[in-house]
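Heavy atoms only: backbone and side chains are in, while hydrogens, waters and symmetry mates are out. These figures come from a predicted structure and were not determined experimentally.
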There are 4 protein chains.
Amino acid sequence: MDPKARRGRPRSGEADARIIDAALELLLERGYDRFSVDEVAAKAEVAKTTLYRRWSTKDHLIVAVVARMQDEVPVEYSGDVRADLTRYLNAIAAGLHRMGQAGRPTASGDTSAGLVAEVAAAAARHADIGAAVHAMFVRRNALVLRLLEQAREHGEIGPGVEPEVLFDQLAGAIYYRLLITGRPIDAAYVDRLVAGALGGSAA
Amino acid sequence: MDPKARRGRPRSGEADARIIDAALELLLERGYDRFSVDEVAAKAEVAKTTLYRRWSTKDHLIVAVVARMQDEVPVEYSGDVRADLTRYLNAIAAGLHRMGQAGRPTASGDTSAGLVAEVAAAAARHADIGAAVHAMFVRRNALVLRLLEQAREHGEIGPGVEPEVLFDQLAGAIYYRLLITGRPIDAAYVDRLVAGALGGSAA
Amino acid sequence: MDPKARRGRPRSGEADARIIDAALELLLERGYDRFSVDEVAAKAEVAKTTLYRRWSTKDHLIVAVVARMQDEVPVEYSGDVRADLTRYLNAIAAGLHRMGQAGRPTASGDTSAGLVAEVAAAAARHADIGAAVHAMFVRRNALVLRLLEQAREHGEIGPGVEPEVLFDQLAGAIYYRLLITGRPIDAAYVDRLVAGALGGSAA
Amino acid sequence: MDPKARRGRPRSGEADARIIDAALELLLERGYDRFSVDEVAAKAEVAKTTLYRRWSTKDHLIVAVVARMQDEVPVEYSGDVRADLTRYLNAIAAGLHRMGQAGRPTASGDTSAGLVAEVAAAAARHADIGAAVHAMFVRRNALVLRLLEQAREHGEIGPGVEPEVLFDQLAGAIYYRLLITGRPIDAAYVDRLVAGALGGSAA
DNA sequence: CGTTAACCGAGACGGTACGTCTGGTCTTTAA
DNA sequence: TTAAAGACCAGACGTACCGTCTCGGTTAACG
């Protein structure tokens with residue numbers, strides 16, 4: 001009856017978990033290069049085939065791990081966009097910083113461009129990874145975009161402002177510093193950034 | 001006598017050129033991965049030793065190539081920041097798009113995140129590349145920052161606006177789309193972006 | 001009552017046949033290596049479990065297949081040993097030749113050492129296969145040995161000749177050429193061989 | 001001047017030796033299967049590339065090792081073919097027996113069919129190995145064939161006897177027992193064999 | 001007629017070796 | 001000293017295949 005009746009031995013959910021756990025640990029300990037699939041399999045006590053059946057490529061595996069590192073940042077409109085955005089951007093920066101611990105002490109400041117850049121590169125290498133990564137960010141950003149809509153309805157931001165563009169400017173600035181110019185991203189910068197984007201630093 | 005008197009056979013300047021040419025060609029043809037140092041050496045008809053004497057790493061070589069791909073965008077204050085910025089950002093987008101041809105047809109729209117992301121990753125891997133890349137962008141951006149200063153003096157933009165932050169927002173939005181969300185970057189978007197950043201879309 | 005009373009579902013005889021058929025076909029088509037158990041199972045539309053329940057090893061399966069390829073060569077003493085032996089050896093050579101089609105065109109002439117050698121190797125790897133293979137040949141050769149006995153009784157061959165040794169010489173020469181030196185085995189050679197073993201080429 | 005002037009770093013002869021030594025040791029210790037190229041490389045303290053540059057396949061490597069195991073059996077006509085052949089065949093049998101130690105205790109008697117069969121199989125798998133193996137035996141057998149010629153000239157064997165066929169019978173019988181029937185090959189058998197082939201056991 | 005034992009198809013799993021690829025270093029001979 | 005050529009080390013990659021295990025489900029014979 002059920003067209004999707006499963007046949008054959010089902011995949012071991014435990015294996016999934018053990019692999020991702022091992023991969024995460026190794027990624028943090030070693031960084032992207034010096035991270036080897038063989039080693040993950042060994043650490044997870046899983047055959048390489050089992051791993052490759054799930055993630056067909058080192059890149060796919062790493063993206064899965066990074067996706068799991070993403071933490072949910074609760075976003076709720078409080079009536080004060082400026083505060084909300086500041087909080088949110090600081091959370092993102094903190095997340096990036098935490099990822100930054102991966103591998104050797106990074107050159108640029110103290111956050112890790114490395115892992116983010118590698119994921120971006122992987123997204124460009126494999127179409128499917130690109131789709132997954134983009135979808136991940138779309139989902140993540142959707143909440144903030146809604147928040148911005150609400151703020152506009154409440155008159156906190158002008159009717160001419162496009163939430164999407166505004167958000168690109170904010171998040172973009174952070175990633176730009178992280179990946180391209182390597183300038184530091186601290187709370188003070190986030191404040192200046194939000195102020196710059198929302199207009200007058202006062203009020 | 002002369003402490004830095006050179007002895008032995010002098011380095012062939014022609015080799016430098018042949019290597020970079022071959023590397024560029026291969027990079028465009030293949031993309032970052034599938035780009036191999038051996039192949040560059042073979043194509044340039046140069047020994048690997050000769051190549052490594054000049055660029056100590058695949059990453060170093062690629063950064064050198066990418067640096068050469070960067071074209072000088074003339075930036076001059078015309079009295080109309082909006083127009084100047086729009087022109088500049090479109091030039092950047094065009095440059096990225098041109099790079100985008102490298103390798104297989106990329107997933108995300110038609111510009112290539114790949115190469116840019118790889119360079120960012122390389123910058124994170126090697127401190128010296130990081131320094132070089134960041135310096136490159138500082139130099140490139142300095143002109144625009146001066147332009148923004150001039151615009152502020154002319155009253156085109158408010159005294160509270162920080163040029164650095166403003167520029168991060170603009171360039172950042174573009175790179176964010178390119179690398180992270182994969183959304184398209186066209187002239188219309190640049191217009192909306194500049195409008196958003198400089199205030200009212202009108203005027 | 002019956003100690004070997006079978007319970008449960010009986011084995012499918014049809015499965016046996018389908019497996020052997022598929023295996024044979026694949027063996028001829030591909031040769032020993034490039035012959036994979038998975039593929040046999042797939043082709044026979046049978047689960048691997050079903051296959052392994054019958055033949056515990058790739059080697060066991062192949063030996064079973066090869067055993068089935070062996071054809072019964074009728075051996076009857078006609079009163080002329082020379083003719084009988086010639087006929088028999090030619091039949092063996094033809095059989096080997098037929099097997100020889102298995103896999104890629106072999107290097108050595110046109111008969112296939114490959115499969116025979118693999119079976120010999122399998123016989124060395126697993127004691128039980130060794131026993132089976134040796135038994136198979138003992139059975140096959142018994143008829144010829146009896147024929148030689150009869151010939152001796154009839155005075156066609158001297159009383160000092162040991163049938164076993166004589167047969168080793170004849171069959172041995174053929175297999176030696178097949179497996180070791182790769183020289184061709186044709187009717188002319190068989191004639192020379194029999195002549196050499198039975199004494200004068202004349203008569 | 002010299003058209004075949006070698007350029008580039010020459011191959012390390014020491015590496016060759018270390019690889020073959022390690023392979024030989026491992027082969028004797030483990031047998032054909034359970035013999036792994038990786039392990040050879042590790043034991044020889046050589047990169048896998050270095051190994052594969054010389055022997056493109058596990059089979060090629062093993063054949064090279066086996067070729068080195070072959071020992072030169074001095075063959076000189078003493079005026080007594082029977083004695084000469086007996087000595088030679090016993091030497092061959094001893095050699096096979098020595099090889100037989102390779103790997104697990106073999107099933108069939110006490111000599112190892114295994115390795116010989118595997119080499120024969122390899123010869124069938126790869127045309128080049130086939131050629132090499134056949135050439136090896138041709139070279140080895142040439143001496144004995146000349147001995148037989150001399151014996152014929154001396155009238156020890158009849159003019160109608162073809163040395164090639166005679167030798168096939170002798171060597172063939174031994175390999176046939178080794179590989180196919182698994183019957184033992186001892187000095188007594190060799191005596192019977194020679195007697196059978198050269199005519200009357202007497203004289 | 002239900003229980004039960006052995007089967008069947010499907011496919012995941014552990015294990016392990018293979019041969020390939022690539023980055024960077026080292027060793028030659030020639031200029 | 002540099003150049004060209006190519007061997008060298010190191011080590012990861014992804015694939016292949018064997019033989020085992022785990023599912024859901026089927027098919028006799030037994031009780």
Side-chain angles (χ1 to χ4, degrees), chain A residues 5-12 15 33-42 45-58, chain B residues 6-12 14-15 33-39 41-42 44-59 61, chain C residues 2 5-12 14-15 33-39 41-42 44-61, chain D residues 2 5-12 15 33-39 41-42 45-59:
Chain A
R6 308 229 177 292
R7 293 200 292 184
R9 179 174 177 174
R11 291 209 182 156
S12 155
D33 46 345
R34 297 202 283 180
F35 168 99
S36 104
V37 177
D38 285 61
E39 211 170 345
V40 173
E45 290 180 303
V46 144
K48 270 206 293 178
T49 29
T50 301
L51 193 160
Y52 275 104
R53 198 172 295 119
R54 291 161 168 74
W55 298 282
S56 57
T57 277
K58 176 180 174 174
Chain B
R6 307 224 186 293
R7 301 214 298 163
R9 178 171 172 174
R11 286 202 187 166
S12 152
E14 197 207 332
D33 50 338
R34 300 203 283 180
F35 167 100
S36 98
V37 178
D38 286 65
E39 211 170 344
E45 290 181 302
V46 144
K48 276 208 290 176
T49 333
T50 303
L51 192 160
Y52 274 104
R53 199 171 291 121
R54 291 159 169 75
W55 296 280
S56 58
T57 275
K58 175 180 174 175
D59 282 342
L61 172 58
Chain C
D2 188 354
R6 310 221 183 294
R7 299 220 296 165
R9 177 174 177 174
R11 288 203 185 162
S12 154
E14 197 207 333
D33 49 339
R34 302 202 281 178
F35 168 98
S36 101
V37 177
D38 286 63
E39 210 170 345
E45 291 181 303
V46 143
K48 273 207 293 175
T49 334
T50 301
L51 192 160
Y52 275 103
R53 201 173 291 121
R54 291 159 169 75
W55 299 280
S56 58
T57 276
K58 173 180 175 176
D59 281 342
H60 286 83
L61 172 57
Chain D
D2 188 355
R6 308 229 177 292
R7 294 204 290 183
R9 179 174 176 173
R11 290 209 183 156
S12 156
D33 47 343
R34 298 201 284 179
F35 168 98
S36 104
V37 177
D38 286 63
E39 210 170 345
E45 289 182 303
V46 143
K48 269 206 296 177
T49 28
T50 300
L51 194 160
Y52 274 104
R53 198 174 295 116
R54 290 161 168 74
W55 298 282
S56 58
T57 277
K58 176 181 173 174
D59 280 342

Just checking A/Ser12: base, sugar-phosphate only, or nothing, at a heavy-atom cut-off of under 4.0 Å? sugar-phosphate
Using a heavy-atom cut-off of 4.0 Å across all strands, would you classify C/Glu45 as base, sugar-phosphate, or nothing? sugar-phosphate
N/O-N/O pairs, protein side and nucleotides 1-4 of chain E side, under 3.5 Å:
none

Between [X] and [N], is there a side-chain N or O to OP1/OP2 distance below 4.0 Å?
X: B/Thr49; N: F/dA3; result: no
X: C/Ser56; N: F/dG19; result: no
X: D/Arg34; N: F/dC18; result: no
X: C/Arg53; N: E/dG9; result: no
X: D/Arg11; N: E/dC26; result: no

Identify, between A/Phe35 and C/Tyr52, the residue whose nearest nucleotide on DNA chain F lies closer to the 5' end.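 Closest to the 5' end, via its nearest nucleotide, is A/Phe35.
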5′-ward residue of the pair B/Thr50/D/Val46 relative to DNA chain F: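 Nearest-nucleotide comparison on DNA chain F picks B/Thr50.
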Whether the side chain of C/Ser12 engages the backbone of C/Glu14 through a donor-acceptor N/O pair (distance < 3.5 Å, no angle test) should be reported. yes
Separation of [X] atom [atom1] from [N] atom [atom2], in whole Å?
X: D/Lys58; N: F/dC17; atom1: NZ; atom2: C1'; answer: 13 Å
X: B/Glu14; N: F/dT2; atom1: CD; atom2: P; answer: 17 Å
X: D/Leu51; N: E/dA17; atom1: CG; atom2: P; answer: 15 Å
X: A/Arg54; N: E/dG14; atom1: CZ; atom2: C1'; answer: 12 Å
X: C/Trp55; N: F/dG19; atom1: CH2; atom2: P; answer: 14 Å

Sorted by chain and number, sequence neighbours left out, side chain to side chain contact (heavy atoms under 4.5 Å, CB included) with C/Tyr52 holds for C/Val37, C/Lys48
For the atom pair NZ (A/Lys58) and CG (A/Leu51), what is the distance rounded to the nearest 0.5 Å?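 Output value for this atom pair is 12.5 Å.
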Atom CG of B/Leu61 and atom CZ of B/Arg54: how far apart are they, to the nearest 0.5 Å? 11.5 Å
Can you name the side-chain hydrogen bond (donor to acceptor under 3.5 Å, both in side chains) partners of [X], sequence neighbours left out?
X: D/Arg9; result: none
X: D/Glu45; result: none
X: C/Arg53; result: none
X: B/Glu39; result: B/Arg30

With a 3.5 Å cut-off and heavy atoms only, can you find an N or O donor on one side and an acceptor on the other between the side chain of C/Lys48 and the base of F/dG19? yes
Polar pair under 3.5 Å, donor/acceptor by atom type, side chain D/Arg9, base F/dC8: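 Per atom types, no contact qualifies.
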Which of these nucleotides, E/dG9, F/dC13, E/dC13, is closest to any side-chain atom of A/Asp38? F/dC13
How do A/Ala47 and C/Ala44 order along DNA chain E: which one's closest nucleotide is nearer the 5' end?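 With A/Ala47 and C/Ala44 compared, the 5'-side residue is C/Ala44.
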Quick one: on DNA chain E, does C/Ala15 or D/Asp59 contact a more 5' nucleotide (nearest heavy atom)? C/Ala15
